[in-house]
Amino acid sequence: METIQTDVAIIGAGGAGLRAAIALAQADPKLRIALISKVYPMRSHTCAAEGGAAGVIKADDSMKQHFDDTVGGGDWLSDQDAVEYFIHEAPKELTQLEHWGCPWNREADGSVAVRPFGGMKIQRTWFAADKSGFHILHTLFQTSLQFDNIQRYDEFFATDLLVDDGRCQGLTAIEMRSGQMRCFLAGAVIIAGGGAGRMFPFNTNGAIKTGDGMALAYRAGVPLKDMEFVQYHPTGLPNTGTLLTEACRGEGGVLLNKDGYRFLQDYGMGPETPLGKPVLKTMELGPRDRVSQSIWHEIRKGRAVKTPWGDCVWLDMRHLGEKKINERLPFVRDISISYLGVDPVTDMVPIRPVVHYMMGGIHTDINAATPLPGLFAAGECACVSINGANRLGSNSLVEILVFGHRAGLSALEHARGVGRSSEAALSAQAEAAQGRVRALFMRNAGKESIAGLRKEMTDTMEEGAGIYRTQEGLAKTCDKLSELRRRYADVALHDKTNVYNTDLLSALELGSMLDCAEAVAVSGRERRESRGAHQRLDFTARDDANYLRHSLAHYRGSEPPNIDYRDVVITTSPPGVRDYSGAKK
Amino acid sequence: MAKSNKPIIWGTFAAGGELVSFVTPVLILLTLLAAVGHVPDMLGYDALRGFAAGWFGKLVIFVVLFLSLWSQAHRLRITFYDFGARADTLVAIMVYALAAVGSIATLVFLARL
Amino acid sequence: MSENRMAIRQVELEVLRYNPETDDEPKFQRYSVPCKNEWCILDALNYLKDNLDPTLSYRWSCHMQVCGSCGMMINGEPKLACKAMVRDYAGVIRIEPLSHFPIERDLVAVADDFMAKLKRVKPYLIPGEKRSLADGEYQQTPEQLARYRKYAMCINCMLCYAACPEYGLTPKFIGPGAISLAHRYNQDSRDGGRDLRQEEIATNEGVWECTFVGACSEVCPKHVDPASALQQVKVASTVDWYLEHFMSWVKK
Amino acid sequence: MSRRPYLREVSRTAWFFKRPRYLRYMAREVTCIFIGIYTVILLVGVYRLSQGRAEYEAFLMALQRPASVVFHVAALAFALYNSFTWFNVAPKALPIQVGEEFLPDSVVAGGHYVVWVALSLFILFWAGVL
Ligand SMILES: Cc1cc2nc3c(=O)[nH]c(=O)nc-3n(C[C@H](O)[C@H](O)[C@H](O)COP(=O)(O)OP(=O)(O)OC[C@H]3O[C@@H](n4cnc5c(N)ncnc54)[C@H](O)[C@@H]3O)c2cc1C
Ligand code: SF4
Ligand code: F3S
Ligand code: FES
């Protein structure tokens with residue numbers, strides 16, 4: 001097996017991975033940086049983000065307010081020291097991107113423009129039309145091209161971490177074009193593998209978001225934190241799940257039930273705001289969890305719009321007019337027309353809540369370090385945690401920058417201080433990893449199909465671990481997932497070609513998703529309260545006495561994970577009531 | 001990688017293309033009329049000779065022929081390539097030599113008027 | 001949003017298959033796929049892979065026309081499979097990997113050439129005036145932003161390369177997508193790197209290989225209009241050339 | 001190594017039959033043959049003009065040969081095609097920005113058409129046809 005020697009290896013070349021790579025390349029031009037990704041960097045799912053990125057720059061804003069919005073939005077499950085660090089770094093990172101050429105929208109005077117976003121009390125979301133993530137990703141990717149010491153390994157699929165002497169010292173990855181396994185030895189490894197929304201049937205996530213990064217760390221003994229918190233975005237196209245950005249509501253779009261009534265006022269987010277004059281943190285600009293949950297209740301009450309794709313409510317943007325829609329939301333218009341055949345300029349768009357984002361992920365501290373020395377994580381696959389029980393829209397694009405940068409620097413510091421333990425031991429591990437993949441590849445019998453198992457998994461996740469959960473439903477889902485993980489051992493591979501074998505990769509991705517899914521379901525079953533995105537019909541109240549704590553899921557091979565807890569870091573903001581009604585302000 | 005010298009010719013191609021697009025159709029129309037026996041007044045020997053005798057007339061005729069020759073020569077070079085004749089240098093020398101000869105001939109003929 | 005978007009019809013797909021380990025050359029394989037009217041071609045391929053033939057290889061990720069992975073030839077035209085709708089096609093639909101690129105396998109094209117060219121044209125900001133983070137952002141008016149925004153929309157899908165015959169005939173041509181991105185930075189009010197980029201793109205392998213076929217702009221799914229970018233680079237390079245050679249006293 | 005990328009050869013001499021848009025492009029390119037020959041005819045005309053009245057009148061007579069008439073008709077068609085294609089893409093080479101918007105292509109192309117018609121009418125008038 002070919003061995004590649006590097007100083008720092010990064011798994012994932014989305015926003016977080018690229019930011020880490022650039023930080024490293026700038027810190028030391030002689031450093032050997034391996035940037036490993038299963039897709040070309042600009043295909044990473046950061047490109048799909050539309051709305052924007054939050055950072056305090058305007059005179060009417062303050063760090064304190066961004067802090068309060070984030071902590072309250074996260075239902076007080078965020079670690080406040082991390083949030084503190086995050087909000088202070090945010091404007092620097094966004095300005096840095098500006099210096100790298102990101103085409104942020106501008107005010108007439110030439111300064112960067114900001115827009116309103118759900119759950120934010122002040123307009124502080126930087127945006128580049130409705131393609132913010134796309135521009136961030138391409139700016140980072142293109143900037144990275146000027147550093148010759150970033151050695152890219154595009155279309156390499158990471159399969160295992162190499163851990164010896166209690167330290168992570170490398171990884172194995174399949175070169176997809178040849179099917180050959182490669183061994184990367186590194187002073188430190190950063191995981192920036194992105195989210196895992198594909199474990200649900202109806203989601204906004206790209207095909208690559210299968211939780212591989214999380215699973216890599218998890219299997220290597222690093223706990224997954226707060227996995228029960230899965231964000232639903234209120235406005236997905238009902239057939240494809242394609243996201244209609246929150247900016248639709250930020251710009252003034254409203255939600256209506258089948259009778260044309262703005263129902264959010266019935267769920268503590270009123271009073272009704274005038275059409276076309278959105279008020280921050282009120283009505284349609286409430287946080288995602290609240291808005292999604294209200295839609296669910298409204299549908300339950302029989303006030304849904306019936307569509308061929310199931311029960312929906314209306315998103316009405318007609319009053320914004322063609323000019324504003326073309327200017328601020330051109331992509332939303334494109335997408336609605338091509339996938340649904342509905343033009344938001346003339347018609348209301350049916351929407352329903354859709355799985356969007358994983359608040360949970362690889363347990364890291366404020367320095368992006370995991371408990372496993374030599375292993376760092378950043379981006380959606382990591383849980384620092386700044387997002388707590390519910391991420392605010394436009395915080396995540398900033399998180400990937402702030403903690404991508406941090407992970408780079410932390411990894412550098414670690415890599416400088418250590419040597420390789422024993423190459424023989426690491427090679428042996430790499431050989432073993434190769435053996436496991438070979439075995440899967442060679443297996444001839446096998447009666448389970450990848451697509452079949454995947455469907456059973458996504459169905460059970462939606463049923464038991466969806467937007468509202470119960471003990472019984474979660475327990476059933478846990479059992480089902482145990483069963484599926486067992487049956488996964490018998491999965492059949494039809495493609496026996498080495499070159500670009502997507503059948504093999506799908507099988508590996510399914511394995512990652514099953515592991516992550518079980519962590520979600522078991523963590524959810526154990527959290528007997530409702531908080532942020534984790535809503536229980538049997539425990540409807542928040543329970544700070546017992547659950548103002550992060551859950552940690554520990555991998556136990558074929559057994560379900562073991563869950564333990566860790567205190568939330570509270571510095572200045574004691575748990576309070578989340579208030580999204582305009583009335584009392 | 002050195003910057004290309006193609007802009008020299010391309011300048012005349014772009015300017016020539018613009019001019020040709022504006023005037024060539026109507027010029028063809030005029031000679032077509034002559035070809036079917038209705039010689040336009042201006043194409044009569046006395047009128048045309050009178051026009052070409054002045055410096056302005058000479059200038060107009062030269063500019064039209066010069067730009068037309070070079071722009072069409074350049075396009076011909078590309079067309080050869082597009083039809084699969086890969087000896088680009090040879091083709092270039094050939095077509096540009098023709099254009100150059102034509103330009104000089106124009107000057108000589110105009111001088112004689 | 002009418003009911004008939006859900007209507008299902010059998011669609012014949014003719015997919016170019018190539019397995020480098022067993023085939024000497026690519027050949028078409030026929031599949032009959034039950035497609036919903038509202039599907040895009042990518043949905044049809046995903047159905048095919050999940051239910052009919054798991055050995056088919058192709059790239060995709062976002063399913064929302066933004067990641068640039070799923071470019072392929074559909075009935076001879078370069079398209080994003082997630083943007084081409086099944087309902088817009090009648091009869092047998094022919095699906096091939098992007099033209100002009102070598103086939104790695106099935107519908108997967110080798111993208112190395114494009115990636116190398118992208119790097120070569122220096123598609124990143126080379127600041128005209130250096131600024132530190134403490135100085136805050138560069139000022140850029142909406143007007144200055146509009147000057148280049150269109151060219152910043154490129155998703156690197158390579159459809160324009162598959163459409164451009166000159167790239168097919170002369171593979172060393174840097175090509176529409178990469179040059180448009182160079183032009184994007186040249187047009188950016190914050191940038192001062194034009195001279196460096198001209199060294200790459202104002203060359204025979206750069207814009208001068210373009211004969212203004214215009215196919216690139218016709219197929220670009222993001223309306224980047226590469227043909228326009230390339231012609232603008234030609235005009236500017238020509239002005240440069242005349243200034244340099246005949247009026248060298250004029251400072252650029 | 002099991003990689004074996006397969007390159008489909010592009011035909012150097014027949015590629016333009018593959019797509020209608022390639023044929024349209026080639027039609028535009030071959031206009032240069034007609035316009036080029038026509039330019040040579042003009043050059044000959046200037047030559048004959050410089051030789052004297054008899055020679056020039058012989059030139060005008062020669063124009064009336066059937067082959068010349070046929071060529072003129074074809075050349076006119078190609079020249080018109082060239083003008084249309086040229087004006088339609090002119091906005092691409094020189095986009096004009098006004099504030100945050102660019103002048104729509106139709107405006108720039110339309111401007112060209114107006115100038116074209118006016119100039120052609122003027123020349124016809126000057127030549128004594130109108
Ligand atoms: C539709 C949509 C809209 C969004 N809008 C917003 C918004 O407006 N504002 C906001 O703040 N956030 C938004 N988000 C969230 C935000 O975009 C993501 O959380 C963020 O982009 C994640 O970035 P990342 O770098 O962590 O991961 P990604 O960009 O997903 O990158 C993951 C990388 O890991 C690599 N990888 C994964 N597995 C492997 C493996 N096994 N081997 C090798 N490489 C691997 C992939 O190739 C990829 O390069 C949105 C998300 C979605 C889905
Ligand atoms: S210019 Fe258009 S077609 Fe070409 S790569 Fe970019 S987005 Fe794709
Ligand atoms: S198709 Fe090709 S030739 Fe030029 S205008 Fe576009 S790059
Ligand atoms: S799948 Fe991303 S562009 Fe088609």
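Below, chain A is the first sequence line, B the second, and so on; all start at residue 1. Atoms considered below: every heavy atom in the structure, side chains included; atoms not considered: hydrogens, waters and symmetry mates.
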Looking at chain B, which one of [options] has the largest number of heavy-atom pairs inside 4.5 Å, strictly under?
options	answer
D:Val40, D:Thr31, D:Leu43, D:Val46	D:Leu43
D:Thr13, D:Thr39, D:Leu49, D:Leu60	D:Leu49
D:Asn82, D:Ile33, D:Leu42, D:Val69	D:Asn82

Is it the side chain or the backbone of [X] that comes within 4.5 Å of chain D heavy atoms, both, or neither?
X	answer
B:Ala52	side chain
B:Leu69	both
B:Ile61	side chain

Counting only non-hydrogen atoms closer than 4.5 Å, does [X] touch chain B with its backbone (N, CA, C, O), its side chain (CB onward), both, or neither?
X	answer
D:Val117	neither
D:Glu57	side chain
D:Tyr25	side chain
D:Leu76	both
D:Phe59	neither
D:Tyr47	both
D:Met26	side chain

If you count heavy-atom pairs within less than 4.5 Å of chain D, which of [options] leads?
options	result
B:Pro40, B:Gly84, B:Pro25	B:Pro25
B:Val23, B:Leu33, B:Leu27	B:Leu27
B:Val26, B:Ile28, B:Val108	B:Ile28
B:Ala35, B:Gly102, B:Ser71	B:Ala35
B:Val39, B:Leu43, B:Asp82	B:Asp82
B:Val20, B:Leu48, B:Thr106	B:Leu48

Flag yes if more than 12 heavy atoms outside D:Arg65 fall under 6.0 Å of its CZ atom; otherwise flag no.
->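 No.
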Got more than 12 heavy atoms from elsewhere within 6.0 Å of CZ, D:Arg12?
->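 No, the 6.0 Å shell around CZ holds no more than 12 heavy atoms from other groups.
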Can you tell me if B:Ser21 uses its side chain to pair, donor with acceptor, with the backbone of D:Ser83 under 3.5 Å?
->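 No; zero donor-acceptor contacts below 3.5 Å.
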Side chain B:Arg112, main chain D:Gln51, donor-acceptor under 3.5 Å |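 No; judged by distance alone, with no hydrogens or angles, the pair does not exist.
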Starting at CD of D:Glu55, measure out to OH of B:Tyr45 and round the result to the nearest 0.5 Å.
->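 Output value for this atom pair is 8.0 Å.
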Spacing of B:Leu29 atom CG and D:His72 atom NE2 [to the nearest 0.5 Å] |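 NE2 of D:His72 is found 9.5 Å from CG of B:Leu29.
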What is the minimum heavy-atom distance between B:Gly37 and D:Gln64, and which atoms define it?
->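 That would be CA-NE2, 3.6 Å.
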Grab the two heavy atoms, one from B:Arg49 and one from D:Ser50, that are nearest each other, plus how far apart they are.
->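 Here B:Arg49 and D:Ser50 meet closest at NH1-O, 4.0 Å.
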Quick one: which residues of residues 120-130 of chain D reach chain B at under 4.5 angstrom, heavy atoms only?
->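 So far as heavy atoms go, D:Ser120, D:Ile123, D:Leu124, D:Trp126, D:Ala127, D:Gly128, D:Val129 are the residues that approach chain B to under 4.5 Å.
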Are any of the side-chain heavy atoms of D:Phe16 and B:Phe83 separated by less than 4.5 Å?
->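 Yes, close enough: below the 4.5 Å cut-off.
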D:Arg53 versus B:Asp46: any side-chain heavy-atom pair under 4.5 Å?
->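 Touching, per the 4.5 Å side-chain cut-off.
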Please work out whether the ring planes of B:Phe13 and D:Trp86 are parallel, tilted or perpendicular, with thresholds of 30° and 60°.
->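 If you compare the ring of B:Phe13 with that of D:Trp86, the planes turn out perpendicular.
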